[in-house]
Amino acid sequence: MTRDPIGFALSAMNRLAGLPLLDRLGVRKPVERLAYQGTRVGFQTLTVANREFKRARDLFPRKRLPARRPGDLFDLNLDDDQQMIVDSLRRFASDVLRPNAAECDENAALPHDIEHQAQALGLSLYAVPAEFGGVAENLSPVTSVLIAEQLAWGDLGLAQALLAPFSVAQAVTRWGTAEQQSTYLPAFCEDQPPVATIAIDEPVPLFDPMSLSTRATRHGDDFTLNGLKSGVVRAGDSDLYLVAAELDGEGPRLFLIERGTDGLAFEAEPAMGLRAAGTGRIRLDNVRLPASALLGDEDFNYSTFIDRGVLLRCGLAVGCAQAVQDYVIPYANEREAFGEPISHRQSVAFMISDMAIEIESMRLLTWRAASRAETGRTYHREACLARLLCSEKAMEVGTNGVQLLGGHGFVKEHPVERWYRDLRSTATLFGGTHA
């Protein structure tokens, strides 16, 4: 590590954590936690400061992934590749995400080791065409929903943190110009891909993603952005931001902003849920961007972008709701009251049955919308229906999960209280149920 101010600060913090005096004062654990967090942030700062996206000299032709051919029959069976993805991600969620979720929620951060294990799975490769180093051959909203569902079964906050770069890569693949694709997509296929995130939400009552307060103004071939974004996943450690802003009366557009751009500032914004996602605010104060920062050209469609985001968020809601159901069933079968398992009581059995019905409804409606998107058919109506159902029923499942555990649902010993907090985000962020 270079002996710059960050290096000196980390060295001093580590020496402090090793003092015997800490044991006598009984403050060793808090100091060690502070040293860990400082070291983690310091290394992130050093890494991010050295990351630069290479400007492509020889541009690859712009690539647009084709839609799949619709099948002759309605079929919900997964193909071999999708089943392999589901199986591997379920193991990852069970063995890695679930055991570490409570600690990540407490620390409000995604640990490096979990991020590296997720990177080894090559998630971003499924968003990038083969011409740029990925493996994507077709539009794959269904696969994206399956990925989101499995990761959220492990933990919704960690899933959002891991899927943020995946979502940015998908947006650049779907709408990016030849220059944008050649500049950014190869980076997502490296051994250590960049951290990227999307900034849509704004701290205004009844926020509507189709009506933005963040403004972009043209100045010749350049743009100036001003505004404030909230609830941004991994706001403080991202290398690349995809920011939504209203462009000179032309409607909402997306802008690619690299970390370190003048006028770009961020601050932590710990929330009720999704704490492991490291949510924060992004402030844009006269951020000057070149023309190449505007994502896409005449084929860009902001409404379609929002609908694709809705499908991914619905998949996340389904996965987390499924985790609640999978947890409360054995609990209700094993927990006894008045000499019998509580699952023998009709009120409990009916509540769990209703939970299963609602989750399956959420899943099928989401899969239907994703299938229409994947085969190139219109899906705005279906995405809106899935959004409404998932927003309402995800909260209901979280609430009933806590209720079924009684007092145990109110303490951190059991994960349902965390899932309850996380599922609230489905109905509040990204427009929520009111948009």
Side-chain angles (χ1 to χ4, degrees), residues 63-71 73-94 97 117-154 156 158-176 181 185 188-189 193 196 198 304-322 360 362-379 382-383 386-387 390:
K63 176 67 176 180
R64 293 288 185 260
L65 294 176
R68 293 181 184 271
R69 186 181 68 83
L73 300 175
F74 180 68
D75 185 7
L76 292 179
N77 292 315
L78 306 183
D79 61 33
D80 292 340
D81 289 340
Q82 290 173 333
Q83 190 62 57
M84 178 188 67
I85 293 171
V86 167
D87 292 341
S88 62
L89 289 181
R90 175 52 69 98
R91 287 193 299 270
F92 176 73
S94 177
L97 298 186
Q117 291 182 66
Q119 290 172 351
L121 296 173
L123 290 180
S124 295
L125 298 180
Y126 293 100
V128 179
E131 289 81 353
F132 301 99
V135 297
E137 298 178 351
N138 301 92
L139 292 175
S140 56
V142 173
T143 301
S144 300
V145 166
L146 294 173
I147 291 173
E149 185 176 331
Q150 297 307 315
L151 291 178
W153 184 89
L156 183 54
L158 290 173
Q160 292 226 14
L162 295 173
L163 286 177
F166 175 83
S167 299
V168 173
Q170 278 195 324
V172 176
T173 295
R174 176 66 179 83
W175 289 287
Q181 290 186 342
L185 290 184
F188 286 100
C189 302
I198 297 176
T304 301
F305 166 78
I306 292 296
D307 287 342
R308 289 291 296 271
V310 163
L311 295 183
L312 199 65
R313 294 181 68 84
C314 287
L316 291 167
V318 171
C320 190
Q322 186 67 60
E360 198 62 25
M362 292 163 57
R363 177 178 289 113
L364 291 176
L365 202 50
T366 300
W367 283 17
R368 181 181 182 224
S371 177
R372 291 184 63 87
E374 188 160 308
T375 52
R377 291 175 288 184
T378 59
Y379 64 99
E382 288 74 15
R387 175 184 192 160
C390 290

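Any value given below was found using the heavy atoms of this structure, including those in side chains, with hydrogens, waters and symmetry copies removed. Bear in mind the structure is a predicted one, so any value in this text is a computation, not a measurement.
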Exercise: identify the closest heavy-atom pair between [X] and [Y]:
X      : Y      : value
Leu185 : Ala169 : CD2-O, 3.7 Å
Pro141 : Ala373 : CG-CB, 3.8 Å
Pro129 : Ala127 : CD-O, 4.0 Å
Ile85  : Tyr126 : CD1-CE2, 3.5 Å

| task | Assess whether side chain to side chain contact (heavy atoms under 4.5 Å, CB included) is satisfied between Val172 and Phe132, documenting all intermediate values. | result | CA-CA 12 Å; Val172 176; Phe132 301 99; over 6 Å; no
Are [X] and [Y] close enough that some pair of their side-chain heavy atoms sits under 4.5 Å apart?
X      : Y      : result
Tyr379 : Leu311 : yes
Phe188 : Pro165 : yes
Leu162 : Phe92  : yes
Leu316 : Leu163 : yes
Arg308 : Gln170 : yes
Val318 : Trp153 : no
Leu123 : Ile147 : yes

Roughly how far, to the nearest 0.5 Å, is [atom2] of [Y] from [atom1] of [X]?
X      : Y      : atom1 : atom2 : answer
Leu158 : Leu151 : CG    : CG    : 9.5 Å
Arg363 : Cys314 : CZ    : SG    : 12.5 Å
Ile198 : Ser167 : CD1   : OG    : 5.0 Å
Leu78  : Thr143 : CG    : OG1   : 8.5 Å
Arg387 : Ile306 : CZ    : CD1   : 7.5 Å
Met362 : Trp367 : CE    : CH2   : 13.0 Å

Donor-acceptor check, side chain of [X] to backbone of [Y], threshold 3.5 angstrom: yes or no?
X      : Y      : value
Gln181 : Lys63  : yes
Arg64  : Arg174 : yes
Arg372 : Arg377 : no
Ser94  : Arg90  : no
Ser124 : Cys189 : no

Q: List the steps and the verdict of side chain to side chain contact (heavy atoms under 4.5 Å, CB included) for Val142 and Gln82.
A: CA-CA 9 Å; Val142 173; Gln82 290 173 333; 3.7 Å; yes
| said: Between Leu312 and Val145, is the side chain to side chain contact (heavy atoms under 4.5 Å, CB included) condition met? List the steps. | reply: CA-CA 5 Å; Leu312 199 65; Val145 166; 5.6 Å; no
**OP:** Given side-chain hydrogen bond (donor to acceptor under 3.5 Å, both in side chains), test Gln83 with Asp87 step by step and report yes or no.
**Re:** CA-CA 6 Å; Gln83 190 62 57; Asp87 292 341; 3.0 Å; yes
Assess whether side chain to side chain contact (heavy atoms under 4.5 Å, CB included) is satisfied between Leu65 and Asn138, documenting all intermediate values.
CA-CA 5 Å; Leu65 294 176; Asn138 301 92; 5.7 Å; no
